[in-house]
Peer 1: 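Here it is, the structure in full.
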Amino acid sequence: MKRGWYRVFGCVVGIGVAIAAVMAADLLPEKKSDDKALGRNMEIMLNVMREVSTSYVDEVSSDKMVADATAGMLSKLDPYTEYIPESEMEGFELLSTGKYGGIGATIRMRRDSSVVIAQPYRGTPSDKAGLKIGDKFVKIDGEDVSKYSISEISSRLKGTPGTTVKLVMERVMTGEEEEVELTRARIAIPGVPYAGYLEEGVGYIVHNDFTEGCYAEMRQAISRLQQQGELKSLVLDYRNNGGGSLAEAVDILSLFLPVGEEVVTMKGRAPHSTRVFKTKNAPMLEDIPLVVLINENSASAAEIVSGVLQDLDRAVVVGERSYGKGLVQTVMSVGYNSSLKLTTAKYYIPSGRCVQRINYSAHDGKTVENIPDSLIQEFKTRNGRKVYDGKGVMPDVKIEPEYISTFAVVLYNMGYIEDFLDGYVRRNPEMVVDSRTFSISDADYESFVEYMADKDVPYESRTRLALELLEKSAEDERFKGDVSEEIEQLKAKLKDSKEDNLRRYRQEIEDLLVSDVILRHNYYEGVLEHATVEDKAVAEAVALLHDEERYATILREQDTEKN
């Protein structure tokens, strides 16, 4: 316990010294009364922790005490500010860089608690060794892992690049156990997983996140398109891109804008957190028409790229309103291999607007408030079009979102799709799959319906739940006798059994089945290529790029919506 307490003491003192050093360097405003309060409160916190550590009735982990105290201290700030203890740094670095040492595969747990390959990444050790979706882990380095959790198996698969790991896998195609030896490698999850042509002259690039190196990936993707054909226009897909590195975002903007263009201003309370970012690399595509796709999950760096291109009238933005994250985080070391990810600034794009949607200054730890409409301000793009702050990035061309049914999601999350397709690929070992045209037959879908006959699906439609609530309320309020006949009629008309839902949501379930088959044969790139075929936002983007007059009119004079 003493050793742990000394570590806690060192960590607390280290944070105090760091804060004092920042103050001494005039990096924080000089407030003597606040300094005294900070010193007094730190002394109180240290005393409390010492007393709990030495005198509490049960032994208390000092590491957990620091983690809990720090989490409590940060809980009412914003969800992006967090303490990252040493034990979580590996996961944090993976999220930041997209790189780790391992075999290059995602894994999942089946309903029988076995763990199987969910997706091998192209060109990685798992892929080169021939591992397939559905292959089950039996042993790792001679140790029986058939009852291990996903996290336990994942930790054994990861390791220093160049080291070996021996696996015994039950192969999905044969049902036989097979020993495989893999050499771990440095795995880089691509931030730009797909680039291709939607049709002649119209390029399409999917950008998933802003991890380290994604600018280089984007350059390579553009180069490949230019080698494959004449790149006359481009669609950039930032849907579901949650952001990442601001520096990578600025570099990617330089691909489409002149050198020296001011794109982002970062403003914080501390003088050193205020910076102006300009493009610094020669553009590759300074003139070709661009369309950017966004949705409600496009956030942070994705909003910087889409918002800057909109503010400078360089691209037409198509889709849904983006998430609205206009905050910048800085990662700071706080000692003992731990870090603090702290929100230090807001960012502003060329029109002067900040897209931040939630007012965290009014955050009480339980509820959050959107910036009220009365405080929303109007700004101008380079061509004088109206845009607004506080609401995320509003698209120039709005596309209504499409939602998959909860029933289909339940089927997928319970593993029924993957488990059925394990048998499907065994029955069709020589199948060749074209990502754009592949579909399953009526007979294949009937086989899935038959497979689901004895499967439990814990699902009730919202309509049935509402009807049950109505019946309960009518009973409680003594109206049941008056409306019981009508309620029974509604129950009779409401067909939402498992069998009914397998018919009602057939198209969505088929889409999941088809995507999984394509994933097994043509990797994630194939899934992305297939998705473009019936994607309404992609179709709108292509139509817009073909209509030069409409494209030009939007960039010249069309305002975005305020709400």
Side-chain angles (χ1 to χ4, degrees), residues 1-56 59-89 92 96 246 265-275 325-348 354 356 358-369 371:
M1 173 60 72
K2 285 185 178 180
R3 180 177 298 175
W5 172 244
Y6 289 144
R7 177 171 175 165
V8 171
F9 179 80
C11 183
V12 174
V13 171
I15 295 173
V17 169
I19 293 173
V22 170
M23 290 177 172
D26 292 328
L27 296 181
L28 289 178
E30 195 172 328
K31 297 182 180 178
K32 292 183 179 179
S33 60
D34 285 354
D35 294 354
K36 290 180 180 179
L38 179 61
R40 181 178 67 249
N41 290 327
M42 287 186 65
E43 183 179 355
I44 292 171
M45 183 177 71
L46 195 60
N47 290 338
V48 170
M49 293 174 70
R50 183 181 63 245
E51 294 300 332
V52 171
S53 179
T54 59
S55 303
Y56 185 68
E59 187 172 346
V60 179
S61 164
S62 55
D63 285 342
K64 185 177 186 302
M65 193 159 43
V66 167
D68 291 345
T70 307
M73 185 172 16
L74 304 177
S75 64
K76 293 188 178 181
L77 299 179
D78 62 65
Y80 314 110
T81 292
E82 59 178 322
Y83 169 63
I84 309 163
E86 181 180 8
S87 60
E88 298 176 14
M89 282 303 297
F92 175 73
S96 302
L246 171 61
T265 300
M266 196 170 74
K267 299 178 183 178
R269 188 164 61 91
H272 73 288
S273 62
T274 297
R275 295 179 60 189
K325 180 179 181 289
L327 304 177
V328 179
Q329 284 71 48
T330 303
V331 179
M332 307 168 177
S333 174
V334 292
Y336 293 96
N337 299 318
S338 299
S339 295
L340 174 66
K341 182 160 71 79
L342 183 67
T343 298
T344 54
K346 293 181 180 179
Y347 70 78
Y348 299 80
C354 177
Q356 179 62 27
I358 296 175
N359 177 19
Y360 286 110
S361 63
H363 181 33
D364 61 4
K366 297 179 182 179
T367 59
V368 293
E369 296 179 356
I371 294 174

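What you see below is based on every heavy atom in this structure, not just the backbone, and it leaves out hydrogens, waters and symmetry mates.
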Peer 1: Is there any salt bridge (Lys or Arg N to Asp or Glu O under 4.0 Å) pair reaching into residues 335-344, and which pairs are they, with sequence neighbours excluded?
Peer 2: Glu82-Lys341
Peer 1: So how far is it from Asn337 CG to Met89 CE, rounded to the nearest 0.5 Å?
Peer 2: 8.0 Å
Peer 1: Once rounded to the nearest 0.5 Å, what's the spacing between atom CD of Glu86 and atom OH of Tyr336?
Peer 2: 11.0 Å
Peer 1: State the CD-CG distance between Gln329 and Leu342, to the nearest 0.5 angstrom.
Peer 2: 8.5 Å
Peer 1: Taking Thr343's backbone N and O only, do any of them form a donor-acceptor pair with Thr81's side chain (distance below 3.5 Å, no angle check)?
Peer 2: yes
Peer 1: Once you round to the nearest 0.5 Å, how far does CD1 of Ile44 lie from CE of Met49?
Peer 2: 14.0 Å
Peer 1: For Ala270 and Ser273, which heavy atoms make the closest approach, and how far apart are they?
Peer 2: O-OG, 2.6 Å
Peer 1: Is the side chain of Tyr83 donor-acceptor paired with the backbone N or O of Asp68 at a distance under 3.5 Å, no angle test?
Peer 2: no
Peer 1: Taking atom OH of Tyr347 and atom NZ of Lys325, what is their separation to the nearest 0.5 Å?
Peer 2: 7.5 Å
Peer 1: Quick one: closest heavy-atom pair of Tyr80 and Asp78, and the distance?
Peer 2: N-OD1, 2.8 Å
Peer 1: To the nearest 0.5 Å, tell me how far Leu77 CG sits from Leu74 CG.
Peer 2: 5.5 Å
Peer 1: Name all residues meeting the side-chain contact (heavy atoms from CB on, under 4.5 Å) criterion together with Ile371; count only those two or more places apart in sequence or in a different chain, and write none if there are none.
Peer 2: Asn359, Leu375, Ile376
Peer 1: Which pair of non-hydrogen atoms, one from Cys354 and one from Gly326, has the smallest distance, and what is that distance?
Peer 2: SG-O, 3.9 Å
Peer 1: Is there a donor-acceptor contact under 3.5 Å from the side chain of Ser53 to the main chain of Arg50?
Peer 2: no
Peer 1: Please answer whether the main-chain N or O of Val334 pairs with a side-chain N or O of Ser338 as donor and acceptor at a distance below 3.5 Å.
Peer 2: no
Peer 1: Taking salt bridge (charged side-chain N to carboxylate O under 4.0 Å, His left out) as the test, write out the residues that go with Lys346, two or more places apart.
Peer 2: none
Peer 1: Closest approach of Thr274 and Lys267, non-hydrogen atoms and distance?
Peer 2: OG1-CA, 3.8 Å
